[in-house]
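For the single chain, residues carry numbers from 1 onward in sequence order.
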Amino acid sequence: GERTRTYRQRLRDAFRGALQNEPGVDPTLVDLRVALLMTAVLGLNIAAREGAGPDELQHSVDAVRQLLRDWMAGERHTRG
């Protein structure tokens with residue numbers, strides 16, 4: 001419904017704004033990263049609603065955190 005569309009757009013805009021404001025983030029990768037973050041958040045939401053256990057959810061959250069750490073490490077590396 002409209003509420004869900006509005007939520008997704010606000011989330012997408014927040015991710016895009018955060019990535020665009022982060023020094024050193026390659027602007028050509030912002031949309032790709034926004035899409036990956038949206039997929040992660042929505043996937044975690046669906047998994048939680050459909051009964052994924054705490055261990056499964058934690059594993060997924062940890063994977064997203066690692067991805068973010070890898071992105072940030074790569075950005076720091078390219079900034080020198």
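With contacts defined as side-chain heavy-atom distances shorter than 4.5 Å, the pair L37/R12 does not qualify.
For the atom pair OG1 of T6 and CG of L11, the computed distance is 12.5 Å after rounding to the nearest 0.5 Å. One finds the CZ atom of R49 at 12.5 Å from the CG atom of L44 (value rounded to the nearest 0.5 Å). Of the inter-residue distances, the one linking W71 atom CH2 with L19 atom CG reads 6.5 Å to the nearest 0.5 angstrom. Annotation: the span from R33 atom CZ to Q20 atom CD amounts to 12.5 Å, rounded to 0.5 Å.
In this structure, A47 and L57 approach most closely via the heavy-atom pair CB-CD2, 3.9 Å.
Scanning for salt bridge (charged side-chain N to carboxylate O under 4.0 Å, His left out) contacts around E50 gives an empty result, with sequence neighbours left out. In this structure, the salt bridge (charged side-chain N to carboxylate O under 4.0 Å, His left out) partners of R5, at least two apart in sequence or on a different chain, are E2.
Of the N and O atoms on the side chains of D62 and Q66, not one donor lies less than 3.5 Å from an acceptor on the other residue.
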